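This is a predicted model, so every value here is computed, not measured.
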Amino acid sequence: MKKGQVYEGVVERVDFPNKGVVRAGEETCIVKMSLPGQKVSFSVNKVRKGKAEGRLLEVLEKAPLECCSPCSHFGLCGGCTYLSLPYEEQLKIKEGQVRRLLDGFDIQNCWEGIKGSPVQYGYRNKMEFTFGDEYKDGPLSLGMHRRGSFYDVVEVSDCQIVDQDYRSILSNTLAYFRERRISYFHRLRHEGFLRHLLVRKAVKTGEILIALITTTQWPYSDGGEQEAQALIEGFRDMLLSLPLQGKIAGILHILNDSLADVVQSDETRLLYGQDYFYEELLGLKFKISTFSFFQTNSLGAEVLYDTVREYVRYACAKENEGAHARRVVFDLYSGTGTITQLMAEVAEKVIGVEIVEEAVEAARQNACLNGLDNCEFIAGDVLKVLDEVGEKPDLIILDPPRDGIHPKALPKIIAYGVEHIVYVSCKPTSLARDLEVFLENDYRIERVVAVDQFPWTANVETVCLLQKNKFTQI
């Protein structure tokens, strides 16, 4: 294939994460945003070492299993990938992606397939919407970035991965500020007021936390901050008047003058209620603040974490110590301590290590809230903490960020010589890379399963139980 040329072909499969393998004659090309079975036209934009990458131009023929999308924004919004396919077909695609990445590790006898999400629509408990315009110099818009664009924002009032409360808050917020002709923050000129709308809602408790993120470039040149404050208070009152199914726990105004297009706080002002809400998972209660990390699919998270807990119980039983063995468990990259607390019932002590101090403090508060006295949380980089912590683990749980485990931390983890390690991965390519190191150091895969936490998107979680070969145990 030649760079700049246009070709037609059929998508043979989609590799993680969203890399369509398109066959055109005797050659293949990677084309993102395509689906298995589609006939597409594409332009080749890169050729390196015989491998070509292209840009999707047009879907010439739909895939045989494609159906009408339940969302009117599908294809324009960049949020969903597989919304035009039946859910069962999406699960097959994701299972195949993980299997292909792990097939080199001989998983035939330990592969346990994929677990689907208990709910496929309205499952998200957090959304970050962006203010902007749908086309250059167009009217104010609020929603998600257009697929393939950094600037254009698509209104997503019909979004299907959130529930009606999200859609109502979104559409009424847009109407409120559009009627008052308030400007959005222009990313190139660094001018404007409105930046983002953050909405979080608990599935179990129904509590809602809403945060409006703006700059300090007040929209009224004459009235200044005082008139802007009246605008914000009107926004608060509008939200409180909405007939929502859930209950608003808090409304925040967050000031952010950063040039980066990220949701962060220079200053947070409480407009109503509190700056946190509560969610429940597997019988435990969790206090979640504005920026706290929490799995975005609460019911799917129960499937994921119950799988982790079941793997730990299995490991304990296999070591002939029973499900309630007296042991020390390390939960590395513990975030807000969800896994740490869920492991409290199967361990004498669980130690969570997390680099984000705010997350560690939230973990401590949640453990206290749940009456757990055998959980300890350490704030620090796993790479450094492992040199300082005095206790030795009997079992290790790993739940690293998308890029996986720091290469220098891997030898320290392996050096403990524990019989079992449970690895939770949100990016199977990182898992495959790290598994090579574990298997080179006498571990083998005992059980592995994929878990779909993010229906209709290109993401998938994987849980892997590693066991140390008996003759090499320390």
Next on the checklist: Please confirm whether the ring centroid of Phe330 lies under 6.0 Å from the ring centroid of Tyr416.
Outcome noted: yes

Next on the checklist: Show, in sequence, the C-alpha distance, side-chain angles and deciding distance for Lys384 and Asp381, and conclude whether the salt bridge (charged side-chain N to carboxylate O under 4.0 Å, His left out) test is met.
Outcome noted: CA-CA 5 Å; Lys384 298 178 180 178; Asp381 188 339; 5.7 Å; no

Item to check | Ser34 (side chain) donor-acceptor with Val31 (main chain) under 3.5 angstrom | outcome: yes

Item to check | Arg444 side chain to Lys468 backbone, donor-acceptor under 3.5 Å | outcome: no

Checklist entry - Excluding sequence neighbours, so at least two apart, what forms side chain to side chain donor-acceptor pair (under 3.5 Å) with Ser298? => result Asn125, Glu279

Item to check | Within residues 73-105 or reaching into it, pairs that qualify as ring pair (Phe, Tyr, Trp, His ring centres under 6.0 Å) - sequence neighbours excluded | outcome: Tyr87-Trp456

Checklist outcome for this item: Hits for salt bridge (charged side-chain N to carboxylate O under 4.0 Å, His left out) against Asp434, two or more places apart or cross-chain, chain-then-number order -> none

Next on the checklist: Walk me through whether Leu431 and Thr429 qualify under side-chain contact (heavy atoms from CB on, under 4.5 Å).
Outcome noted: CA-CA 5 Å; Leu431 171 66; Thr429 49; over 6 Å; no

Checklist outcome for this item: Residues Lys285 and Glu280: closest non-hydrogen pair is CG-CG, 4.2 Å

Next on the checklist: Looking at every non-hydrogen atom in both residues, tell me the closest pair between Thr336 and Phe293 and how far apart they are.
Outcome noted: OG1-O, 3.2 Å

Next on the checklist: Checking Val460 against Phe16 for the side-chain contact (heavy atoms from CB on, under 4.5 Å) test, could you report, in this order, the C-alpha distance in whole Å, the side-chain angles of both residues, the deciding distance, and whether it holds?
Outcome noted: CA-CA 9 Å; Val460 63; Phe16 182 87; 4.2 Å; yes

Item to check | OG-CG distance between Ser289 and Asp275, expressed to the nearest 0.5 angstrom | outcome: 7.0 Å

Checklist outcome for this item: Output for pair (Asn256 CG, Phe185 CZ), nearest 0.5 Å, gives 8.0 Å

Checklist outcome for this item: Sorted by chain and residue number, the side chain to side chain donor-acceptor pair (under 3.5 Å) partners of Ser72 (sequence neighbours excluded) come out as Asp158

Item to check | Residues Lys126, Glu128: salt bridge by 4.0 Å N-O rule | outcome: yes

Item to check | Inter-residue atom distance Glu310.CD - Leu465.CG, 0.5 Å rounding | outcome: 9.0 Å

Checklist entry - Is the backbone N or O of Arg327 less than 3.5 Å from a side-chain atom of Glu348, with the two atoms forming a donor-acceptor pair by type? => result no

Checklist entry - Does Asn366 offer a backbone N or O that forms a donor-acceptor pair with the side chain of Asn370 under 3.5 Å? => result yes

Checklist entry - Roughly how far apart are His145 NE2 and Phe129 CZ, rounded to 0.5 Å? => result 12.5 Å

Next on the checklist: Would Tyr443 and Asn469 count as a side-chain contact (heavy atoms from CB on, under 4.5 Å) here? Give the steps.
Outcome noted: CA-CA 6 Å; Tyr443 279 93; Asn469 292 323; over 6 Å; no

Checklist entry - For Lys32, does the NZ atom sit with more than 12 other heavy atoms under 6.0 Å from it, leaving out its own atoms? => result no

Item to check | Test salt bridge (charged side-chain N to carboxylate O under 4.0 Å, His left out) applied to Glu302 and Lys204, step by step | outcome: CA-CA 12 Å; Glu302 289 192 318; Lys204 298 291 184 68; 2.7 Å; yes

Next on the checklist: So, taking the atom named NZ in Lys427 and the one named CG in Leu101, what distance separates them when rounded to the nearest 0.5 Å?
Outcome noted: 11.0 Å

Next on the checklist: Let me confirm one number: the CG-CD1 distance from Asp165 to Ile210, rounded to the nearest 0.5 Å.
Outcome noted: 9.0 Å

Checklist entry - Between Ser334 (side chain) and Thr340 (backbone), is there a donor-acceptor pair under 3.5 Å? => result no

Item to check | Under 3.5 Å donor-acceptor, Glu354 side chain and Val356 backbone | outcome: yes

Checklist entry - Ala211: what forms a side chain to side chain contact (heavy atoms under 4.5 Å, CB included) with it, not counting sequence neighbours? => result Leu198, Ile213, Leu252, Ile254, Thr290

Checklist entry - Got a salt bridge between Asp452 and Lys115, using NZ or NE/NH1/NH2 to carboxylate O under 4.0 Å? => result no

Checklist entry - Do Gln453 and Gln295 have side-chain atoms, one donor and one acceptor, less than 3.5 Å apart? => result yes

Checklist entry - Quick one: does Val350's side chain get under 4.5 Å of Glu345's, heavy atoms only? => result no

Checklist entry - Under 6.0 Å from the CD atom of Glu357, do we count more than 12 heavy atoms belonging to anything else shown? => result no

Checklist entry - Hey, is the main chain of Lys201 close enough, under 3.5 Å, to the side chain of Tyr166 for a donor-acceptor pair? => result yes

Checklist entry - Do the numbers put Arg447 on top of the ring of Tyr314, so that NZ or CZ is under 6.0 Å from the six-membered ring centre and no more than 45° off the axis? => result yes

Item to check | Basic-acidic side-chain contact under 4.0 Å: Lys39, Glu58 | outcome: no

Next on the checklist: Test side-chain contact (heavy atoms from CB on, under 4.5 Å) on Arg147 and Met33; report intermediate values, then the result.
Outcome noted: CA-CA 9 Å; Arg147 180 177 289 183; Met33 306 309 300; 2.8 Å; yes

Item to check | Main-chain N/O of Ala24 paired with Glu27 side-chain donor or acceptor, under 3.5 Å | outcome: no

Checklist entry - side-chain contact (heavy atoms from CB on, under 4.5 Å) with Val448: which of Leu435, Leu102, Val98, Val463? => result Leu102

Item to check | side chain to side chain donor-acceptor pair (under 3.5 Å) involving Lys349 - partner list, sequence neighbours excluded | outcome: Glu376, Glu391

Checklist entry - With sequence neighbours left out, which residue pairs that include part of residues 13-24 fulfil the side chain to side chain donor-acceptor pair (under 3.5 Å) condition? => result Glu12-Arg23, Arg13-Asp15, Asp15-Arg100

Checklist entry - So, Glu66 and Ser84: side-chain donor and acceptor under 3.5 Å apart, yes or no? => result yes

Checklist entry - Looking at residues at least two apart in the chain, or sitting in another chain, which of them share a side chain to side chain contact (heavy atoms under 4.5 Å, CB included) with Pro411? => result none

Checklist entry - Considering residues at least two apart in sequence or located in another chain, which fulfil the side chain to side chain contact (heavy atoms under 4.5 Å, CB included) criterion with Ala52? => result Met1, Cys29, Val44, Val47

Next on the checklist: Show the nearest heavy-atom pair for residues Phe131 and Arg187, with the distance to one decimal.
Outcome noted: O-NH2, 3.6 Å

Checklist outcome for this item: Hits for ring-ring contact (aromatic ring centres under 6.0 Å, His included) against Tyr278, two or more places apart or cross-chain, chain-then-number order -> Tyr276

Distance-only check: which donor-acceptor pairs under 3.5 Å involve side-chain atoms of residues 400-408, not counting sequence neighbours?
{"unit_1": "Arg402", "atom_1": "NH1", "unit_2": "Cys426", "atom_2": "O", "d": "3.3"}
{"unit_1": "His406", "atom_1": "ND1", "unit_2": "Lys408", "atom_2": "N", "d": "3.0"}

Checklist entry - Given side chains that start at C-beta, do those of Leu299 and Val303 come closer than 4.5 Å, heavy atoms only? => result no

Next on the checklist: Quick one, Val308 and Val424 - any side-chain contact, counting heavy atoms below 4.5 Å?
Outcome noted: yes

Checklist entry - Heavy-atom count around Asp261 CG within 6.0 Å, excluding the residue itself: above 12? => result yes

Checklist entry - Taking the side chain from Arg167 and the backbone from Val162, do they hold a donor-acceptor pair closer than 3.5 Å? => result yes

Next on the checklist: According to side chain to side chain donor-acceptor pair (under 3.5 Å), who are the partners of Asp152, at least two apart in sequence or on a separate chain?
Outcome noted: none

